[in-house]
Protein chains: 2
Amino acid sequence: MNQRQSMTDAGESGGAKPRRLGKNGDGAERHEAIYRTISDAIIEHRLKPGARLREDALAEVFGTSRTGVRKILQRLALEQLVTLTPRRGASVTRPTAEEAKDVFDARQMVECGLMPEVARHIKPDDVRELRDMARREREALKSGEQSRAIKLSAAFHERLAQLSGNATLAAFVGQLCSRSSLILAVYGSSGHLGCESHDHDDLIGFLEAGDGERATAFMGRHLKAIEASLSIVEEEQEAPDLHEIFGV
Amino acid sequence: MNQRQSMTDAGESGGAKPRRLGKNGDGAERHEAIYRTISDAIIEHRLKPGARLREDALAEVFGTSRTGVRKILQRLALEQLVTLTPRRGASVTRPTAEEAKDVFDARQMVECGLMPEVARHIKPDDVRELRDMARREREALKSGEQSRAIKLSAAFHERLAQLSGNATLAAFVGQLCSRSSLILAVYGSSGHLGCESHDHDDLIGFLEAGDGERATAFMGRHLKAIEASLSIVEEEQEAPDLHEIFGV
DNA sequence: CCAGGAAGATACGTATACAATGGCAGCCAG
DNA sequence: CTGGCTGCCATTGTATACGTATCTTCCTGG
C-alpha cells in the first residue's frame with residue numbers, strides 16, 4: 001500500500017530544463033479520468049446507493065493521495081451523486097422519494113422546454129450521432145447489459161440538451177440524468193428499464209422534422225412513462241415504524 | 001474531557017502570524033461562514049469580476065489554512081462564481097455575453113415554469129415574508145445601496161423558487177441568481193438596477209391571488225426587462241485592440 | 001535602443017503527518 | 001440480565017512541507 005509510483009519525472013531527471021510547452025494538464029486530466037470512472041461506476045450501478053466510499057481505499061485503488069480523492073468526492077457531492085456526512089465519510093447517495101419526484105419534475109420542465117430549441121438547431125450530423133447513440137443503447141438493452149444501457153440513455157438525454165445551445169441548461173440536465181440513474185437503481189423495477197426501446201428513435205424523428213411541438217409532447221410522455229415505471233415506496237430504512245409493523 | 005487546548009485570539013490586525021486558532025468541532029460551520037462571506041462579497045460586487053483570489057491571502061484573512069480555502073474555492077468554481085484556471089489560481093468569473101444569454105434563458109424557462117406551483121403552494125406566512133423582502137429591497141434601492149439591493153433581489157427570486165416545493169429546481173434557481181448578479185456587475189448600466197421597484201410587489205399580488213398564469217406572464221416580462229436593461233457588448237478583455245483605441 | 005533569455009520569486013498542486021471525532025466493544029454496576 | 005460507561009480503533013479533517021510551473025525582472029547581445 002506504500003508503493004508510490006514516481007512516474008511523473010521518470011525521463012526528465014537529468015535535464016531540469018524549463019519546458020515552454022508545459023504539459024500542465026497531466027494531473028488534472030488524471031483526476032478528471034478518476035472522476036469519470038467513479039461517476040460512471042455510480043451511474044452504471046456498479047456502485048450501489050448506500051455503498052461507502054472510503055478515501056483511503058479510493059486513493060489506493062487509483063494510485064493517488066487522499067487529497068485528490070477528496071476533491072473528486074466533493075465534486076460528486078455537489079452533484080448529489082455521493083453524500084458527504086460530516087465525520088463519517090462519503091457514500092453513494094440514496095435518493096429519497098421526494099428527491100426522485102423533484103428530479104423528474106425538473107426534467108419534465110427543462111427537457112420539454114428545451115425541445116423546441118433543439119428542433120430548431122439540430123443538424124444532419126447531430127441526427128446521425130443521436131441515431132448512433134440510440135442504436136448502441138438498443139443493442140446494450142438487447143444483450144442484457146443494463147448498466148451500459150442506463151449510462152447510454154443518460155448520455156443520450158444529455159447530448160440532446162447540449163444541442164439546444166444553452167450550455168447552462170445542458171449541464172443541469174446532465175446532473176439530472178445522473179441522479180435519475182441513481183433513482184432507477186433504488187426505485188426501478190428490475191425487468192423494466194428506464195427508456196423504452198424505440199422512444200428515442202421516435203423522438204429523433206420529430207426533431208429531424210423540425211416539429212418541436214410534437215417533440216415536446218413526446219418527451220413529456222417519455223419522461224412520465226419512466227417515472228411511472230418506478231415503484232416508489234418509502235423503505236423507511238432509517239426509522240422502521242415498529243408500531244405499524246407489529247400492528248399496535 | 002480533554003480541554004487542553006486554549007483558545008487563542010484571532011488577531012486579524014496586520015502582521016499577525018498564522019496562528020492556530022481554536023479548531024474544535026465548528027470547523028465545518030466556520031468554513032460555511034467563510035464560503036458565504038466570499039459568496040456575498042462577489043454577489044454584492046465588492047469583489048469585481050476578474051479580481052484574483054489568491055489562496056494564501058484568503059487563508060490569512062480568514063485565519064485558516066489553504067486547504068480549507070481551496071475547498072471553498074472549488075465549491076464556488078462549481079457554482080460558476082469563480083473561475084479556476086490551472087496553475088494560475090482563482091479569480092471572480094467574468095461572464096461572457098453568451099453565458100449571460102444562457103443564464104437568462106434558463107431563468108426564463110425555470111422561474112416562469114415554477115410560478116404555477118408557487119401560486120398553488122404559497123401561504124399567508126410566505127406572502128408576508130416575501131413582502132418584507134421586497135420592502136427591504138426597495139429601501140436599499142432608495143438609499144442608494146446598490147450592493148444590498150442586488151443581493152436582496154437575488155434572495156427574493158431564490159426564496160420564490162423555494163416556495164415551489166421543488167428543492168432541486170430551487171437550488172438551480174439560486175445558482176442562476178448568483179450568476180445573474182455577476183452578469184449585472186459586468187453588463188449592467190450603473191443607473192439602472194436589476195429589478196424595478198414595484199415589480200416584486202406586483203408579482204406577490206398575483207401569487208397571493210393564486211393566479212399562476214398571470215404570475216408566469218409577469219415573471220417573463222420581468223426577466224425580459226432585466227435582460228433588456230443590460231448593455232451586452234463584447235469587451236475584448238483579452239486582446240484590447242490598440243489600433244482601435246488609439247485611432248489607427 | 002530593443003529583444004531574447006535566464007534566474008529568481010511567487011503561487012499553485014500534491015503528499016504526508018497529526019489531531020480530533022464517531023463508533024464499537026468490553027467491563028462494571030444495579 | 002440489562003443498561004450505562006469508559007477505553008481503544010478506525011477514519012476523516014486540517015495543517016504544513018515540498019515540488020513544479022509560471023511570471024517578472026534584469027542582464028546581455030545584436
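Just so you know, these numbers use all the heavy atoms, side chains as well, and skip hydrogens, waters and symmetry mates. For clarity, every value in this text was computed on a predicted model and none was experimentally measured.
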*Can you name the side-chain hydrogen bond (donor to acceptor under 3.5 Å, both in side chains) partners of A:R46, sequence neighbours left out?*
A:E44

Tell me whether the side-chain N/O atoms of [X] come closer than 4.0 Å to OP1 or OP2 in [N].
X     : N      : result
A:H31 : C:dT14 : yes
B:R88 : C:dA11 : no
B:R54 : C:dA11 : yes

*asked:* Has B:S153 got a side-chain atom pairing as donor or acceptor with B:A149's backbone, closer than 3.5 angstrom?
replied: no

How long is the line joining [atom1] of [X] and [atom2] of [N], in whole Å?
X     : N      : atom1 : atom2 : answer
A:R87 : D:dC9  : CZ    : C1'   : 16 Å
B:R70 : D:dT14 : CZ    : P     : 14 Å
A:K71 : C:dC12 : NZ    : P     : 13 Å
B:L58 : C:dT10 : CG    : P     : 18 Å
A:R52 : D:dA10 : CZ    : P     : 13 Å
B:L73 : C:dA11 : CG    : P     : 15 Å
B:L84 : C:dA11 : CG    : P     : 16 Å

*asked:* Need to verify one output field. Residue with the more 5' nearest nucleotide on DNA chain D, A:T67 or A:A90?
replied: A:A90

*Is it the case that A:T64 and A:R30 place a side-chain donor and acceptor less than 3.5 Å from each other?*
no

_No-hydrogen, no-angle side-chain donor-acceptor test under 3.5 Å, A:E111 and A:H157_ = yes

Would you indicate which nucleotide in [options] comes nearest to any side-chain atom of [X]?
X     : options                : value
B:R66 : C:dG22, D:dT14, C:dT14 : C:dT14
A:S65 : C:dA15, D:dA15, C:dT14 : C:dA15
B:E55 : D:dT12, D:dT16, C:dC12 : C:dC12

Can I get a per-line list of side-chain donor-acceptor pairs under 3.5 Å for residues 67-76 of chain A, giving both atom names and the distance, sequence neighbours left out?
residue, atom, partner, partner atom, Å
A:R70, NH1, A:E55, OE1, 3.4
A:R70, NH1, A:E55, OE2, 2.8
A:R75, NH1, A:E32, OE1, 3.2

